[in-house]
Number of protein chains: 2
Amino acid sequence: MLDSETKAVELPEDHAEELRLWLRLLTCTTLIEGEVRGRLRQRFDVTLPRFDLMAQLDKAPDGMTLSDVSKRMMVSNGNVTGLVERLVESGHLDRRTSDTDRRVQVIRLTKLGRAEFRRMAAEHETWIADLFADLTPKDVRELMRLLAKTKASAQKSAGRRRA
Amino acid sequence: MLDSETKAVELPEDHAEELRLWLRLLTCTTLIEGEVRGRLRQRFDVTLPRFDLMAQLDKAPDGMTLSDVSKRMMVSNGNVTGLVERLVESGHLDRRTSDTDRRVQVIRLTKLGRAEFRRMAAEHETWIADLFADLTPKDVRELMRLLAKTKASAQKSAGRRRA
DNA sequence: GCCAGTTATTTGAAGCCTAAAGAATATCGC
DNA sequence: GCGATATTCTTTAGGCTTCAAATAACTGGC
């Protein structure tokens with residue numbers, strides 16, 4: 001006979017629920033992201049990654065290093081390099097080498113960049129509100145809680161893998 | 001004096017909670033997606049879009065048209081064209097023109113494609129289970145419910161925009 | 001049968017993104 | 001100060017992705 005521990009190893013566990021949850025999470029995000037992307041393009045002729053980068057910088061008046069940005073946005077370093085290049089080119093960002101560490105590039109929003117971002121952000125916020133309009137305040141609170149738990153769980157799992 | 005209706009229009013509403021929710025949703029998805037992407041690459045040297053496409057086809061033994069795939073995966077038509085091209089090239093997909101409509105391309109998994117997908121999918125499922133491991137069954141159910149509601153809300157909003 | 005409109009797919013240009021390798025600079029231990 | 005190691009950023013190669021325009025094929029009304 002099998003004891004319960006052996007059973008747990010040998011019987012294939014059923015993870016179908018988690019899989020469905022993941023697919024649903026992905027669908028929601030893709031749906032909303034696509035909508036936001038399209039509206040940003042239509043209304044402001046700006047891409048979502050550019051908007052996201054400006055959003056990070058708007059919260060950091062003293063600027064950020066490229067590494068900071070890369071970590072915050074959860075994208076690769078090389079990605080940030082190109083993104084910043086284009087935004088400097090278009091006059092939205094200012095970029096300078098750090099005084100204390102010549103490896104480091106510090107970027108900030110220019111006056112133009114900040115003004116344009118604020119204008120876009122105001123409208124963006126109404127889009128998000130509209131996209132989530134059918135959720136009650138309680139739904140929102142509950143989702144926040146469960147997503148925080150999900151994030152923690154995923155981070156733990158990701159950490160286990162690299163450890 | 002302002003009546004309540006005028007107030008509602010004139011006072012800028014506070015959508016900060018919804019915005020935070022959206023950012024958290026995005027963070028969760030990005031985190032998990034990045035993890036899955038990395039593991040697929042490491043273990044099977046396959047990209048996430050390829051895996052996703054094969055997953056769609058695995059559920060459709062009779063094949064799918066490119067448009068079907070494009071709708072299901074929520075990506076553009078042009079995207080699917082290239083993705084399919086590479087997977088046909090590598091022998092994972094079979095592609096033929098429909099008998100009844102010469103515009104339509106029907107794609108299927110090849111024997112090789114199906115075998116490789118099944119092998120990857122089995123492991124993939126355990127990754128997902130691990131990433132969501134700290135959620136209780138109740139958490140999972142509740143998230144499913146709230147995300148379904150979110151999806152419906154977002155679809156409604158997206159529809160309003162296009163209407 | 002033919003024309004107008006629609007649908008399925010491809011193409012092209014631009015941008016986004018990653019992983020991995022490389023260059024420049026900083027830091028630590030000695 | 002020197003060398004080993006680490007960090008910051010860029011570069012490269014390849015793939016993904018979108019949008020918009022183009023091509024090809026179907027459909028319905030006449």
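Both backbone and side-chain heavy atoms feed into the values below; hydrogens, waters and symmetry mates do not. We name chains A, B, ... by the order of the sequence lines, and we start the count at 1 in each one.
Put simply, the side chain of B:Arg37 never gets that close to the backbone of B:Leu48: no donor and acceptor are under 3.5 Å apart. Between the side chain of A:Thr29 and the main chain of A:Leu25, a donor-acceptor pair closer than 3.5 Å is present.
The stretch residues 90-98 of chain A does not touch DNA chain C, since none of its heavy atoms comes less than 4.0 Å from the strand. A heavy atom closer than 4.0 Å to some atom of DNA chain D occurs in no member of residues 26-33 of chain B. Contacts with DNA chain D (heavy atom under 4.0 Å) in residues 72-83 of chain B: B:Met74, B:Val75, B:Ser76, B:Gly78, B:Asn79, B:Leu83, listed by number. For the segment residues 36-67 of chain B, residues with any heavy atom less than 4.0 angstrom from an atom of DNA chain D are, sorted by number, B:Thr47, B:Pro49, B:Arg50.
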Checklist entry - A:Asp139 and A:Thr136: side-chain hydrogen bond (donor to acceptor under 3.5 Å, both in side chains), yes or no, with the steps? => result CA-CA 5 Å; A:Asp139 288 338; A:Thr136 66; 3.3 Å; yes
Checklist entry - Can B:Ser67 and B:Thr65 be said to form a side-chain hydrogen bond (donor to acceptor under 3.5 Å, both in side chains), step by step? => result CA-CA 5 Å; B:Ser67 293; B:Thr65 71; 4.7 Å; no
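Between the CD atom of B:Glu85 and the P atom of D:dC16 there is a distance of 11 Å, given to the nearest Å. Rounded to whole Å, atom P of D:dC26 lies 5 Å from atom CZ of B:Arg102.
The stretch residues 125-135 of chain B participates, sequence neighbours left out, in these salt bridge (charged side-chain N to carboxylate O under 4.0 Å, His left out) pairs: A:Lys156-B:Asp134, A:Arg160-B:Asp130. Residue pairs meeting the side chain to side chain donor-acceptor pair (under 3.5 Å) criterion with at least one member in residues 82-91 of chain B, sequence neighbours excluded: B:Ser90-B:His92.
Protein chain A contacts DNA chain C from C:dG15 to C:dA26, reading 5' to 3' and using non-hydrogen atoms of the protein with a distance under 4.0 Å.
Scored by the side-chain contact (heavy atoms from CB on, under 4.5 Å) test, A:Gln155 finds A:Lys151, B:Leu31 as partners (sequence neighbours excluded). In this view, A:Phe51 and A:Phe117, A:His124 satisfy the ring-ring contact (aromatic ring centres under 6.0 Å, His included) rule, not counting sequence neighbours. Qualifying salt bridge (Lys or Arg N to Asp or Glu O under 4.0 Å) partners for A:Arg41, counting only residues two or more places apart in sequence or in other chains: none. Remark: A:Asp101 pairs with A:Arg103 by the salt bridge (Lys or Arg N to Asp or Glu O under 4.0 Å) rule, at least two apart or across chains.
By the neighbour-count criterion of 12 heavy atoms within 6.0 Å, atom CZ of B:Arg72 is sparsely surrounded, having that number or fewer from other residues, nucleotides or ligands.
Of the candidates D:dA25, D:dG15, D:dT7, the closest approach to any side-chain atom of B:Arg86 belongs to D:dG15.
Contact between A:Met64 and A:Gln56 at its shortest, heavy atoms only, is SD-O, 3.8 Å.
Hydrophobic clustering, defined by side-chain heavy atoms of Ile, Leu, Val, Met, Phe, Trp and Tyr closer than 4.5 Å, groups A:Val106 together with A:Val104.
No side-chain N or O of A:Asp94 forms a donor-acceptor pair with one of A:Thr110 less than 3.5 Å apart.
B:Lys138 has no carboxylate O lying under 4.0 Å from a charged side-chain N of B:Glu142, or vice versa, which leaves the two without a salt bridge.
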